[in-house]
Engineer: 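Here you go, one structure.
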Amino acid sequence: MTATSAPGQGAEYAATASEAYQAALRVIESVEPRIADATRKELADQRDSLKLIASENYASPAVLLTMGTWFSDKYAEGTIGHRFYAACQNVDTVEALAAEHARELFGAQYAYAQPHSGIDANLVAYWAILATRVEAPGLAELGAKNVNDLSEADWESLRAKMGNQRLLGMSLDTGGHLTHGFRPNISGKMFYQRQYGTDPATGFLDYSAVAAAAREFKPLVLVAGYSAYPRRVNFAKMREIADEVGATLMVDMAHFAGLVAGKVFTGDEDPVPHAHVVTTTTHKSLRGPRGGLVLATEEFAPAVDKGCPMVLGGPLSHVMAAKAVALAEARQPEFRTYAQAVADNAQAMADGFIKRDAGLVTGGTDNHLVLLDVTSFGLTGRQAESALLDAGIVTNRNAIPADPNGAWYTSGIRFGSPALTTRGFGADEFDRVADLVVEVLKNTQPATGPNGPSKAKYTIADGVAARVHAAATELLDANPLYPGLTL
Ligand code: PLP
């Protein structure tokens with residue numbers, strides 16, 4: 001067991017998990033063997049590659065096994081103790097435990113465990129903010145007993161009020177998420193939106209520019225949080241800005257929830273005491289099942305609790321059960337060791353790039369991710385991503401601020417430390433990872449097609465991909481994924 005493993009994992013745990021998976025695969029095989037094969041192959045592929053995608057991790061067998069049960073078969077629309085379906089007593093137990101662990105872990109007044117994903121969590125949060133903050137006449141004032149009594153004119157006026165609100169969020173190219181007001185997402189269409197960015201000279205968030213934009217635009221919702229910003233955010237400052245203009249502060253901590261849970265981000269860097277509403281995914285640095293969570297102050301709790309039926313259907317009870325297990329793991333002291341290692345390892349990886357003269361957005365990191373500007377290698381993000389994959393290094397291309405290659409080809413590669421830290425990688429291994437990445441990129445050239453230089457095609461010098469892959473395999477073999485788990 002490494003210091004970064006989930007609690008309770010040891011030889012006996014691995015042997016029991018092996019038995020469980022072997023039996024499960026035999027059962028699956030008896031119906032659709034190709035799915036059993038693909039499942040085995042997925043583990044083999046994950047074991048054999050350097051997973052550096054910043055939004056991915058490896059959940060524990062306990063978390064994964066929890067998802068494969070009959071809770072999947074149960075409908076439970078509604079809330080704990082107040083369901084639109086019969087026989088939900090065990091779902092109530094599960095949802096209450098997930099919410100309790102989330103409240104305790106994050107010190108939140110209220111937690112809602114139903115969102116199926118991060119996008120769903122953000123939709124729940126937006127509707128909760130609209131429902132709580134937009135002054136619309138209640139049913140009684142409109143002379144109605146229930147919503148069916150409202151006239152078309154009443155609906156028109158409600159739509160005009162709810163649909164014409166303002167949202168200020170971080171732009172996609174400076175690290176925000178598409179749900180933070182990006183035009184192609186519903187958040188960029190249902191709100192009047194404006195985006196704040198980072199300082200073009202440093203790449204750092206410029207709080208005075210955010211404040212100036214907020215003063216001018218007067219948003220109802222100020223969104224903080226990111227998918228590809230390699231730095232910490234001062235949420236106390238963001239709250240001051242929100243308060244000054246009467247906005248609601250929503251923080252999307254999907255990426256760094258593990259660092260909040262593990263107490264690496266505390267004080268002004270912990271969003272929970274500062275934001276009105278906090279959303280997260282549970283599957284990234286938090287190392288849980290694929291899903292979402294909303295945390296809120298008591299003021300917003302009643303509206304968040306209406307996530308179903310407002311924007312969600314029946315909750316995924318099997319996933320809520322797995323969230324409860326993952327959150328219980330994250331409450332153990334080992335998770336703090338893990339979270340600190342995630343931050344230390346990202347730092348080691350960034351230092352490894354810097355000492356090999358690779359350009360980093362903001363010049364480094366102080367969270368779990370590093371954003372490499374691959375224009376210094378003469379490549380697009382797309383070419384770099386593909387070349388790295390040839391060498392067994394799994395990353396994702398990402399736009400950099402004011403990206404000359406746009407959001408498809410991009411000029412950046414995003415690297416995250418959460419997954420390999422779970423495998424037990426330390427600072428020396430992350431330095432070696434930076435070395436291997438630079439070796440691939442230095443030996444990759446853009447290809448030229450009939451219409452000139454390609455943004456997608458590339459060539460790698462002979463033997464480099466194989467050599468790097470072999471070196472990566474050495475690192476991976478020394479830090480096995482799910483040690484002792486045999487299928
Ligand atoms: N919010 C942020 C900041 C994210 O990075 C992501 C996913 O990448 C999401 C929300 C959406 O999460 P999901 O893919 O679970 O909908």
Side-chain angles (χ1 to χ4, degrees), residues 51-57 59 63 67 102 112-127 129 167-182 184-188 193 195-196 198 205 221-233 235 238 249-261 265 269 271-272 275 277-295 307 311-313 315-316 319-320 322-323 326 342 346 367-371 394-399 407 410 412-419:
K51 190 202 272 208
L52 288 157
I53 293 182
S55 49
E56 294 188 6
N57 211 329
V63 168
M67 282 186 280
Y112 186 61
Q114 291 195 22
H116 307 173
S117 71
I119 280 197
D120 287 0
N122 287 349
L123 277 179
V124 170
Y126 289 144
W127 279 111
I129 294 168
L167 176 144
L168 177 63
M170 193 173 196
S171 69
L172 197 69
D173 74 326
T174 57
H177 188 253
L178 61 149
T179 53
H180 301 176
F182 188 49
N185 181 260
I186 189 171
S187 60
Q193 55 77 267
Q195 306 264 272
Y196 60 83
T198 48
L205 200 53
V221 192
L222 173 62
V223 185
Y226 52 79
S227 299
Y229 177 67
R231 296 291 173 175
R232 300 184 185 196
V233 174
F235 296 110
M238 293 303 266
L249 178 63
M250 172 181 144
V251 176
D252 178 350
M253 64 169 183
H255 256 264
F256 52 90
L259 299 185
V260 178
F265 290 180
E269 294 164 355
V272 181
V277 182
V278 176
T279 59
T280 186
T281 54
T282 44
H283 48 273
K284 304 185 207 278
S285 55
L286 195 53
R287 204 162 63 179
R290 187 155 289 279
L293 274 182
V294 181
L295 310 175
V311 291
L312 302 173
L316 309 179
V319 182
M320 290 199 296
K323 286 175 195 172
V342 165
N367 57 20
H368 64 297
L369 71 89
V370 174
L371 191 55
V394 184
T395 62
N396 69 292
R397 63 188 188 277
N398 209 103
T410 82
I413 294 284
R414 189 182 64 163
F415 297 89
S417 58

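Just so you know, ligand 1 is whichever comes first in the structure, and atom 1 is the first atom listed for that ligand. Atoms considered below: every heavy atom in the structure, side chains included; atoms not considered: hydrogens, waters and symmetry mates.
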Engineer: Who's closest to atom 8 (O) of ligand 1 heavy-atom-wise, of M253, R290, K284?
Structural biologist: K284
Engineer: If you measure from CG on L286 to CG on N57, what distance do you get to the nearest 0.5 Å?
Structural biologist: 9.0 Å
Engineer: Does the plane of the ring in F256 sit parallel, tilted or perpendicular to the ring in F235? Use 30° and 60° as the thresholds.
Structural biologist: parallel
Engineer: Looking only at non-hydrogen atoms, find the nearest pair between Y196 and V223 and report the distance.
Structural biologist: OH-O, 2.7 Å
Engineer: For atom CD1 of I186, is the number of surrounding heavy atoms from other residues, nucleotides or ligands below 6.0 Å larger than 12?
Structural biologist: no
Engineer: For ligand 1 and G291, I'd like to know whether there is a polar contact (N/O to N/O, distance under 3.5 Å).
Structural biologist: no
Engineer: When you compare ligand 1 with S117, is there at least one nitrogen or oxygen pair between them that comes in under 3.5 angstrom?
Structural biologist: yes
Engineer: Can you confirm whether some protein heavy atom lies under 4.0 Å from atom 14 (O) of ligand 1, or whether none does?
Structural biologist: no
Engineer: Any idea which of H283, H180, H177 brings a heavy atom closest to atom 10 (C) of ligand 1?
Structural biologist: H177
Engineer: Can you list the ligand 1 atoms lying under 4.0 Å from a non-hydrogen atom of T281?
Structural biologist: 12 (O), 15 (O)
Engineer: Using heavy atoms and a threshold below 4.0 Å, how should the contact between S55 and ligand 1 be classified: side chain, backbone, both, or neither?
Structural biologist: neither
Engineer: Out of all atoms in ligand 1, which are within 4.0 Å of some heavy atom of A254? Include the element for each.
Structural biologist: 1 (N), 2 (C), 3 (C), 4 (C)
Engineer: Once rounded to the nearest 0.5 Å, what's the spacing between atom CG of L316 and atom CD of Q114?
Structural biologist: 9.0 Å
Engineer: What is the closest protein heavy atom to atom 5 (O) of ligand 1, and at what distance does it sit?
Structural biologist: S227 OG, 2.7 Å
Engineer: Might you work through the side chain to side chain contact (heavy atoms under 4.5 Å, CB included) test for M250 and T279, ending with a clear yes or no?
Structural biologist: CA-CA 8 Å; M250 172 181 144; T279 59; 4.0 Å; yes
Engineer: For a quick test of reading the model, state the closest non-hydrogen atom pair linking A254 to K284 and the distance between them.
Structural biologist: O-CD, 3.5 Å
Engineer: What pairs with H177 under ring pair (Phe, Tyr, Trp, His ring centres under 6.0 Å), at least two apart in sequence or on another chain?
Structural biologist: H180
Engineer: For ligand 1, which atoms sit closer than 4.0 Å to a heavy atom of H255?
Structural biologist: 5 (O)
Engineer: What atoms of ligand 1 come closer than 4.0 angstrom to any heavy atom of I119?
Structural biologist: 11 (C), 12 (O), 13 (P), 16 (O)
Engineer: Does a donor on one side chain sit under 3.5 Å from an acceptor on the other, for R414 and S227?
Structural biologist: no
Engineer: Would you mind running through ligand 1 and noting each atom that sits below 4.0 Å from a heavy atom of Y226?
Structural biologist: 3 (C)
Engineer: For atom 1 (N) of ligand 1, what is the closest protein heavy atom, and at what distance to 0.1 Å?
Structural biologist: D252 OD2, 2.6 Å
